[in-house]
Amino acid sequence: LRGLKTRSAKYIAAAFRRGAARIESAPPRRRFPKRWRLDLQKHPQGKIIYLRRTNDKGRISLLGHSFAVDRHWLHRLVRAEVDLDANQLRVFALRRRQPTDQPLLKELPYTLPRKQFKE
């Protein structure tokens, strides 16, 4: 157990060193407006981005549902983009050799359910 703790501590220290330059060069985060208040009854807006891996049938699981993406894109990474304003789910292929080329694989209608939240 002592050896495991030592090895874990070394790994964590190395991970912090590797990420330190990236973290230091990141732009500063904006402050929340002073009068901002969380409204749990307001329907969310914008985009939600997920990374998923397709299964052996070319499907992904997302937001409690299973979506068919591409029967030829098996066990591969995808970027799923839920556009809450346009009620769309777009799924893009991710490639190691061409990370900037992310072709659209599938576009599906998706509407986020409207639920009442308790405060």
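- Residues Phe67 and Leu89 form a side-chain contact, since some pair of their non-hydrogen atoms from C-beta on lies under 4.5 Å apart.
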Passes side chain to side chain contact (heavy atoms under 4.5 Å, CB included), Lys34 versus Arg31? Steps please.
-> CA-CA 8 Å; Lys34 289 183 178 183; Arg31 294 183 181 267; over 6 Å; no
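- For the pair Tyr50/Ile60, no side-chain contact is recorded, criterion being any heavy-atom separation below 4.5 Å from C-beta on.
- One hydrophobic cluster, built from ILVMFWY side chains closer than 4.5 Å, cannot hold both Leu63 and Leu77; they sit in different ones.
- Here salt bridge (charged side-chain N to carboxylate O under 4.0 Å, His left out) pairs that include residues 96-111, with residues two or more places apart or in two chains, are Arg90-Glu107, Arg95-Asp101.
- Using a 4.5 Å heavy-atom threshold, the side chains of Asp56 and Leu74 count as separate.
- The backbone N or O of Leu4 lies less than 3.5 Å from no partner atom in the side chain of Ser8, so there is not a single donor-acceptor pair.
- Here the straight-line distance linking atom CZ of Arg79 with atom CG of Leu105 works out to 10.5 Å at 0.5 Å rounding.
- Separation of atoms CD1 (Ile49) and CZ (Phe92) is listed at 9.0 Å; rounding is to 0.5 Å.
- Considering Leu51, Leu94, Thr54, Asp70 as possible partners of Val78, the one that fulfils the side chain to side chain contact (heavy atoms under 4.5 Å, CB included) test is Thr54.
- Using a 4.5 Å heavy-atom cutoff, the side chains of Asp83 and Lys47 are in contact.
- Two residues are said to be in side-chain contact when any heavy atoms from C-beta on lie closer than 4.5 Å; Leu112 and Val82 fail this criterion.
- Here ring pair (Phe, Tyr, Trp, His ring centres under 6.0 Å) pairs that include residues 25-45, with residues two or more places apart or in two chains, are Phe32-Trp36.
- In this structure, the side chain to side chain donor-acceptor pair (under 3.5 Å) partners of Gln116, at least two apart in sequence or on a different chain, are Gln41.
- Each of Arg52, Arg53, Lys57 was checked for a side chain to side chain contact (heavy atoms under 4.5 Å, CB included) with Asn55, and the lone residue meeting it is Lys57.
- The heavy-atom pair separating Ala68 from Leu108 by the smallest distance is O-CD1, 4.2 Å.
- Taking both residues in full, the closest heavy atoms of Arg59 and Ser66 are given as NE-OG, 3.0 Å, listed atom of the first, atom of the second, then distance.
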